[in-house]
Amino acid sequence: MTTPTPSPAQSQPSAPPPQAHTQTQAEPQAPAAPPAARPRPLPPFGQEVPGYGRSCLFCGSVPAVQATVRGHQGMVVMMRFLKIRAPFCRRCGIAKHREMVSDSLVQGWWSPASMLLNPLTLLVNLFQRWRISRLPEPVPGAPGTPADPGRPIFLRPTALGLLIPVILIGCGWLVLHDDPEYAEVGDCVHSNGEVLFPDVSVVDCGSAKAEFEVVGRFDNTTDTGGCAAYPRTVATLRAERGSSRYVLCLARNDNT
């Protein structure tokens with residue numbers, strides 16, 4: 001009995017060669033961004049603080065006092081009235097007062113009515129400033145930083161605004177002081193001699209140009225008949241400018 005010998009073609013398959021195991025390293029990852037911070041709540045500016053009352057609206061400091069700081073702007077034919085009403089600590093109140101007053105000293109004169117209203121605004125602010133100045137310095141630890149009051153008003157360039165009304169009044173006087181529309185009885189006038197279009201101006205009665213003295217005046221009319229009541233009258237001047245009408249009765253000036 002013979003045992004069959006397997007042929008090479010019938011030989012059992014050999015095991016596959018072992019494969020090499022390679023170890024790959026992971027790419028380094030950037031650190032994750034921290035979560036976005038939540039917005040902080042607004043500090044309790046202007047809120048009630050136990051033992052002090054309301055805190056400053058601008059920095060949250062205590063003590064504070066309720067006050068109103070005003071400003072004024074004149075714009076030729078228009079005006080603006082500015083106002084900040086709030087609880088102020090000493091430093092924020094002084095800073096706001098100086099800011100509003102400094103602006104008003106420059107901007108508050110530029111309309112006819114503002115020449116009266118701006119000084120009143122500045123006077124009202126003096127009382128508010130007195131109330132604010134009575135406060136002590138803010139207590140440390142406020143949620144905000146008190147304002148820097150800055151330089152005193154009279155050490156700022158805007159203090160020159162006090163000269164604006166003086167200059168405006170002076171310019172108005174230079175323009176109007178010789179206008180015959182404002183001549184009164186007893187004033188003297190000079191005429192350039194033109195009959196149809198007389199150029200009449202008010203002059204000093206001691207001047208060599210003082211040809212005529214005003215001995216009578218009638219407003220709201222152009223009728224010269226009333227000058228007959230003044231025997232010294234040698235000439236009349238009647239004028240009409242818009243709604244303004246007047247008559248001047250003129251006599252020779254005896255002082256020249």
Q | Min side-chain heavy-atom separation F88-H97 under 4.5 Å | A | no
Q. CE of M100 to CD1 of I84: how many Å apart, nearest 0.5 Å?
A. 4.5 Å
(Q) Going by the rule disulfide bond (SG atoms under 2.5 Å apart), which residues pair with C249 if we only count those two or more places apart in sequence or in a different chain? (A) C227
Q.
Between Q128 and T68, do the side chains contain a donor N or O and an acceptor N or O under 3.5 Å apart?
A. no
Q: Would you mind reporting whether L105 and I153 have side-chain heavy atoms less than 4.5 Å apart?
A: yes
Q. Would you call R54 and V49 a side-chain contact if the rule is heavy atoms closer than 4.5 Å?
A. no
Q. Would R98 and D103 count as a salt bridge (charged side-chain N to carboxylate O under 4.0 Å, His left out) if you check the C-alpha gap in whole Å, the side-chain angles of each, and the deciding distance to 0.1 Å?
A. CA-CA 9 Å; R98 289 177 177 175; D103 290 344; over 6 Å; no
**Q.** Lys NZ or Arg CZ of R217 over Y246 ring: under 6.0 Å, within 45°
**A.** yes
(Q) If the threshold is 4.0 Å, N to carboxylate O, is there a salt bridge linking R241 and D179? (A) yes
Q) Got a donor-acceptor contact below 3.5 angstrom from the N253 side chain to the C205 backbone? A) yes
Q | Spatial distance of atom CZ (F212) from atom SG (C188) [nearest 0.5 Å] | A | 11.0 Å
**Q.** Sub-4.5 Å side-chain heavy-atom contact between C56 and P87
**A.** no
Q.
Is there a side chain to side chain contact (heavy atoms under 4.5 Å, CB included) between D219 and R245? Walk through the geometry before answering.
A. CA-CA 6 Å; D219 292 308; R245 297 180 299 167; over 6 Å; no
Q. Heavy-atom count around M75 CE within 6.0 Å, excluding the residue itself: above 12?
A. yes
Q. Taking side chain as C-beta onward, heavy atoms only, is R156 less than 4.5 Å from V101?
A. no
Q. Are any of the side-chain heavy atoms of T233 and V215 separated by less than 4.5 Å?
A. yes
Q. Who pairs with P112 by side chain to side chain contact (heavy atoms under 4.5 Å, CB included), at least two apart in sequence or on another chain?
A. none
Q: Kindly indicate, with the supporting measurements, whether the criterion side chain to side chain contact (heavy atoms under 4.5 Å, CB included) is fulfilled by V214 and E184.
A: CA-CA 7 Å; V214 179; E184 301 291 342; over 6 Å; no
Q.
I'd like to check V189 versus E211 (side-chain heavy atoms, cut-off strictly below 4.5 Å). Are they in contact?
A. no
Q: Kindly indicate whether the side chain of E137, heavy atoms from C-beta on, has any atom under 4.5 Å from the side chain of R90.
A: yes
Q. With C59, which residues qualify under disulfide bond (SG atoms under 2.5 Å apart), at least two apart?
A. none
Q | Within 6.0 angstrom of F81 CZ, more than 12 heavy atoms from elsewhere | A | yes
Q) Any salt bridge between E213 and R252, counting N to O under 4.0 Å? A) no
Q. Taking S55 for the side chain and G46 for the main chain, is one N or O donor matched with an acceptor at less than 3.5 Å?
A. yes
